[in-house]
2 protein chains.
Amino acid sequence: MIESAPRPPEGTGAALIEAGLKLFGKQGFSGTSTREIAALADTNVASIAYHFGSKDGLHTACAAEVARRLSAVATPSVPPDPTPDEARAILDSTLRALAGFLLTSPAATDVAPFILRLLGSGPDEAMTTLYASVIEPKHREFCRLWALATGQAPESESTRLAVFAAIGQLVYFRVGLPVVTRRMGWGRIGAAEAGAIADTVAANLHAAIERSRVP
Amino acid sequence: MIESAPRPPEGTGAALIEAGLKLFGKQGFSGTSTREIAALADTNVASIAYHFGSKDGLHTACAAEVARRLSAVATPSVPPDPTPDEARAILDSTLRALAGFLLTSPAATDVAPFILRLLGSGPDEAMTTLYASVIEPKHREFCRLWALATGQAPESESTRLAVFAAIGQLVYFRVGLPVVTRRMGWGRIGAAEAGAIADTVAANLHAAIERSRVP
DNA sequence: CAGTATTGATCAATCGTTTGATTAAATCAA
DNA sequence: TTGATTTAATCAAACGATTGATCAATACTG
């Protein structure tokens with residue numbers, strides 16, 4: 001059963017979710033024991049069953065928390081009737097905000113690996129929830145902005161794929177961060193490194209928009 | 001038993017690697033039991049210890065097999081002194097070949113999830129091997145081609161990031177395939193769908209090259 | 001026969017979950 | 001305000017099941 005209303009976390013339950021988010025993301029679901037989670041949350045193993053029913057229940061709760069945090073970001077404020085240039089500027093700033101979150105925010109360091117694990121596990125319940133509540137609506141909104149910026153149809157195949165490609169670059173930099181940092185010779189990701197990545201992605205965004213613009 | 005399936009490598013060891021590749025990628029390392037692997041490989045559990053020493057040994061062997069398969073792809077034949085347009089054409093065809101492999105090849109359906117798990121597990125030995133033997137050399141070669149196509153420095157920060165972004169789009173489409181197929185309303189990825197994705201990525205590649213070209 | 005490969009059985013360790021006891025706060029009756 | 005009772009939450013301990021690993025015995029092969 002999925003709780004539709006995301007509640008603000010507090011107490012032992014919240015500590016368990018935070019611990020689960022961190023450990024599930026770092027070691028995977030099967031790779032994390034309930035005792036390990038309880039230890040990190042500084043509570044007893046039985047608390048998991050008490051608050052969430054089971055280990056699976058905790059995992060579902062963690063996915064809901066991820067959806068909650070993701071919704072907090074990437075919510076652009078769109079003026080009522082944006083011009084093409086305005087739409088492009090909104091896409092640019094939203095993409096940069098997303099880059100800052102994914103690459104530097106402490107909240108993302110727990111959230112991002114967790115989502116990565118979800119993706120690899122195929123379409124289970126947690127993934128379906130995350131898709132319906134965050135991914136699909138955001139992607140649809142981006143498609144609308146893309147259409148306004150380029151003049152193309154919002155839900156055409158090329159538009160949807162172009163938006164995926166634009167976001168995909170960013171997601172890849174987060175997913176492949178271990179690879180990227182090694183190749184770039186970076187010790188860790190700071191504001192400067194995140195800025196360089198954001199510039200690259202933003203430049204590609206503008207080039208792609210310019211290219212698919214209809215006269 | 002089921003022996004009709006085309007199995008290029010032969011012997012129990014090869015069957016174990018193939019089973020490990022499939023199950024490790026699908027369920028993760030900890031999520032896969034040695035008995036499950038042995039059952040899929042149609043052999044005894046003890047065979048794993050006999051051939052690879054331990055479960056970890058089998059996992060390392062699987063990573064080596066992944067590196068072997070990856071090296072087989074994405075090896076562009078570069079003429080001795082390519083013109084900018086030739087370099088761009090090589091990048092284009094290589095990217096399309098990579099798209100075909102990642103999205104449609106049966107070999108990739110086992111390899112790709114395995115690598116994804118590897119990425120999420122941080123910089124361990126298997127990831128280091130894969131990086132040194134495949135990722136780093138390929139990326140460096142792409143950077144050289146990018147430099148030839150745009151006139152920029154091969155190892156500049158912007159070049160390396162641009163190449164990452166170009167490849168990243170493609171990798172994302174593979175990583176986020178469950179999400180993409182759902183949003184696109186695709187049942188599964190066929191030649192047409194892979195072609196549409198390859199066109200999108202290739203279009204972005206050309207736009208990015210055009211944009212960063214120095215006169 | 002000698003050497004390689006495979007098998008079924010068994011090991012201690014760890015897994016997720018359940019249990020009954022314990023505590024502190026909330027609720028009720030007089 | 002009292003004292004009794006209920007409820008929510010946490011705890012240590014133990015449960016059966018499963019894990020990776022091990023080993024002697026067996027089968028295959030040249």
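This is a predicted model, so every value here is computed, not measured.
- Across the protein-nucleic acid pair, A:Phe52 atom CZ and C:dT17 atom C1' stand 16 Å apart, rounded to whole Å.
- Separating the CD atom of A:Gln27 from the C1' atom of C:dT14 is a distance of 15 Å, rounded to the nearest angstrom.
- OP1 or OP2 of D:dC11 has at least one side-chain nitrogen or oxygen of A:Thr43 nearer than 4.0 Å.
- Distance B:Ile48 CD1 to D:dC23 C1': 16 Å, rounded to the nearest Å.
- Looking at A:Arg88 and A:Asp92, no side-chain N of the basic residue comes within less than 4.0 Å of a carboxylate O on the acidic one, giving no salt bridge.
- Taking atom OH on B:Tyr50 and atom P on C:dG3, their separation rounds to 13 Å, with Å as the unit.
- Taking the side chain of B:Arg35 as heavy atoms from C-beta on, and the options C:dC15, C:dT7, D:dT19, the nearest nucleotide is D:dT19.
- Between B:Ser54 and D:dG20 there is no side-chain N or O to OP1 or OP2 distance below 4.0 Å.
- Ring orientation note: the planes of A:Phe24 and A:His59 are nearly perpendicular, at an angle over 60° on the 30°/60° scale.
- Residue B:His51 places its side chain closer to C:dT6 than to any other of C:dT17, C:dT6, D:dT22.
- Rounded to whole Å, the distance from CG on A:Asp56 to C1' on C:dG16 is 10 Å.
- Distance A:Leu16 CG to D:dA9 P: 13 Å, rounded to the nearest Å.
- Comparing atom distances between the B:Lys55 side chain and each of C:dT7, C:dT17, D:dG20 picks out D:dG20 as nearest.
- A heavy-atom distance below 4.5 Å is not found between the side chains of B:Gln27 and A:Phe29.
- Within the nucleic acid shown, B:Ser30 has no heavy atom closer than 4.0 Å to any nucleic acid atom.
- For A:Arg183 and B:Glu155, the salt-bridge test passes: some basic side-chain N is under 4.0 Å from an acidic carboxylate O.
- Remark: B:Asn44 is in phosphate contact with C:dG8, judged by side-chain N or O atoms under 4.0 Å from OP1 or OP2.
- Of the candidates D:dC11, C:dG8, C:dT6, the closest approach to any side-chain atom of B:Ala46 belongs to C:dG8.
- Residue B:Ser33 places at least one side-chain N or O under 4.0 Å from the OP1 or OP2 atom of D:dT19.
- As judged by a 4.0 angstrom heavy-atom cut-off over every strand, B:Val45 is placed among residues making no nucleic acid contact.
- Ranked by how close their nearest DNA chain C nucleotide is to the 5' end, A:Gly53 and A:Glu36 are led by A:Glu36.
- Nearest nucleotide to the side chain of A:Thr34, out of C:dT7, C:dG16, C:dT18: C:dG16.
- Note on ring orientation: taking the six-membered ring where Trp is involved, the planes of B:Tyr172 and A:Phe164 are tilted (angle from 30° to 60°).
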